[in-house]
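The structure appears right after this line, and notes come after that.
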Number of protein chains: 2
Amino acid sequence: MDTAFRALAEPRRREILKHVWSYELPASEIAARFGDVTRSAISQHLGVLRDAELITERREGVRRLYRANHHQMELVRRSLEEYWGGSLDRLRSLAESAEREKGNSDG
Amino acid sequence: MDTAFRALAEPRRREILKHVWSYELPASEIAARFGDVTRSAISQHLGVLRDAELITERREGVRRLYRANHHQMELVRRSLEEYWGGSLDRLRSLAESAEREKGNSDG
DNA sequence: GACTTACGTAAGTGTCAACTAACGTTCAGG
DNA sequence: CCTGAACGTTAGTTGACACTTACGTAAGTC
């Protein structure tokens, strides 16, 4: 879990995670979406995300398809909820109060 | 928000955050709860947490009382929810499915 | 004013992490 | 077997960061 937190601390990795959130993508396609960085760097980021179990890897011929692991992300979110006491009701009310705020810059 | 993610990446800071979650504490008291580290190190951690707006500072005489900023933590949690699409219903069902899992190591 | 308490801050050090460049590996086609 | 594509991996460098030690500072006491 600690590994997951460190993995998410890097903005680039959060971005990658979003790219492979709803459907899987090959490493080359992911790297192509980042113009200011090498393919190698992305590969290393994918390694970190995989170690943190935030993404899963599937091999298809010479390519490797990556996809977000929603389950692990859920565990991370639950970890944050523990600060509030872990109550599901309390979570709901807090989410609702935040709904009225609507203030956000990063994702 | 990016600052908040980096602040939370450090286990020690998450621990500090838990200590000042439900009531405020002076810096000395917080430092006293960590035997393997200097008071200075804790002070620096408090500075990082304050920059990330994850805690608030209140001065009382010579002491400085710290307390968790629940609002900012809520924003962080919301940032994670965005991955799922930000739906409140979907959030609830996911939290419930995770409830059946009950697998956790870190807090 | 001198002293103590409760802090933050600056300087210096060791470690980790993000990056580039170069190399190794696996799979498919001719 | 040779080539090329799509990857991961291994140096090696640079910057960030967590830490300790030493110092500075504001508030209270005498």
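Only this structure's heavy atoms are used, side chains among them; waters, hydrogens and symmetry mates stay out.
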> Looking only at N and O atoms, is any donor in the side chain of B:Ser28 or the base of C:dT5 less than 3.5 Å from an acceptor on the other one?
Replying inline: no
> What integer distance in Å separates A:Asp36:CG from C:dA18:P?
Replying inline: 15 Å
> Between atom CG in A:Leu8 and atom P in C:dA18, what is the gap in whole Å?
Replying inline: 12 Å
>> Between C1' on C:dC7 and CD on B:Glu24, what's the gap in Å once rounded to a whole number?
In response: 16 Å
> Rounded to the Å, how far apart are B:Arg12 CZ and D:dC19 C1'?
Replying inline: 9 Å
> What's the verdict on side-chain contact (heavy atoms from CB on, under 4.5 Å) for B:Arg63 and B:Arg59, showing C-alpha distance, side-chain angles and the deciding distance?
Replying inline: CA-CA 6 Å; B:Arg63 298 189 310 169; B:Arg59 311 180 66 143; over 6 Å; no
> Could one point to a donor on the side chain of A:Ser40 or the base of D:dT9 with an acceptor on the other under 3.5 Å away?
Replying inline: yes
>> Heavy atoms only, 4.0 Å cut-off, all strands: where does B:Arg39 land among base, sugar-phosphate and nothing?
In response: base
Identify all side-chain donor-acceptor contacts of residues 43-55 of chain B below 3.5 Å with residues at least two apart in sequence or on another chain.
residue: B:Gln44; atom: NE2; partner: B:Ser40; partner atom: OG; Å: 3.3
residue: B:His45; atom: ND1; partner: B:Arg13; partner atom: NH1; Å: 3.1
residue: B:Arg50; atom: NE; partner: B:Glu57; partner atom: OE1; Å: 3.2

> Looking only at side-chain N and O atoms, does A:Arg63 come under 4.0 Å of OP1 or OP2 in D:dA5?
Replying inline: no
> Just to confirm, is there a sub-4.0 Å distance from OP1 or OP2 of D:dA27 to any side-chain nitrogen or oxygen of B:Arg64?
Replying inline: no
>> Applying a 4.0 Å non-hydrogen cut-off, can you work out what B:Glu10 is touching in the nucleic acid: base, sugar-phosphate, or nothing?
In response: sugar-phosphate
> Side chain of A:Val37: nearest nucleotide among C:dG8, C:dC19, D:dA22?
Replying inline: C:dC19
> With a 4.5 Å limit on heavy-atom distance, are the side chains of B:Leu65 and B:Val20 in contact?
Replying inline: no
> A:Tyr66 side chain N/O closer than 4.0 Å to the phosphate oxygens (OP1, OP2) of D:dA6?
Replying inline: no
> Does the side chain of A:His45 get closer than 4.0 angstrom to OP1 or OP2 of C:dA17 through an N or O atom?
Replying inline: no
>> Using a 4.0 Å heavy-atom cut-off, does B:Ala41 contact any base of the nucleic acid, only the sugar-phosphate backbone, or nothing at all?
In response: base
> Between B:Arg77 and B:Glu74, is there a side-chain N and carboxylate O pair less than 4.0 Å apart?
Replying inline: yes
> Between atom CG of A:Leu80 and atom CZ of A:Arg78, what is the distance when rounded to the nearest 0.5 Å?
Replying inline: 11.5 Å
> Rounded to the nearest Å, what distance is computed from the CG atom of residue A:Asp2 to the P atom of nucleotide D:dA18?
Replying inline: 12 Å
Considering only distance and modelled atom types, tabulate donor-acceptor pairs under 3.5 Å from the side chains of residues 23-35 of chain A, sequence neighbours left out.
residue: A:Glu24; atom: OE1; partner: A:Arg58; partner atom: NE; Å: 3.3
residue: A:Glu24; atom: OE2; partner: A:Arg58; partner atom: NH2; Å: 2.5
residue: A:Glu29; atom: OE2; partner: A:Arg33; partner atom: NE; Å: 2.8
residue: A:Glu29; atom: OE2; partner: A:Arg33; partner atom: NH2; Å: 3.2
residue: A:Arg33; atom: NH1; partner: A:His19; partner atom: ND1; Å: 3.1

> Rounded to whole angstrom units, what separation is found between the CZ atom of B:Arg6 and the P atom of D:dA18?
Replying inline: 10 Å
>> Does D:dC19 have OP1 or OP2 under 4.0 Å away from a side-chain N or O of B:Thr38?
In response: no
>> At a heavy-atom distance below 4.0 Å, what parts of residues 46-62 of chain B sit against DNA chain C?
In response: B:Val62
> What nucleotide, of C:dC7, C:dT20, D:dT20, holds the atom closest to the side chain of A:Gln44?
Replying inline: C:dT20
> Whole-Å distance between C:dA18 C1' and A:Ile16 CD1?
Replying inline: 12 Å
> Under 4.0 Å between a Lys/Arg side-chain N and an Asp/Glu carboxylate O for A:Glu10 and A:Arg14?
Replying inline: no
> So, for A:Trp21 and B:Tyr83, which heavy atoms are closest and what is the spacing to 0.1 Å?
Replying inline: NE1-O, 2.5 Å
> Please give, in whole Å, the distance from C:dA18 C1' to A:Arg13 CZ?
Replying inline: 8 Å
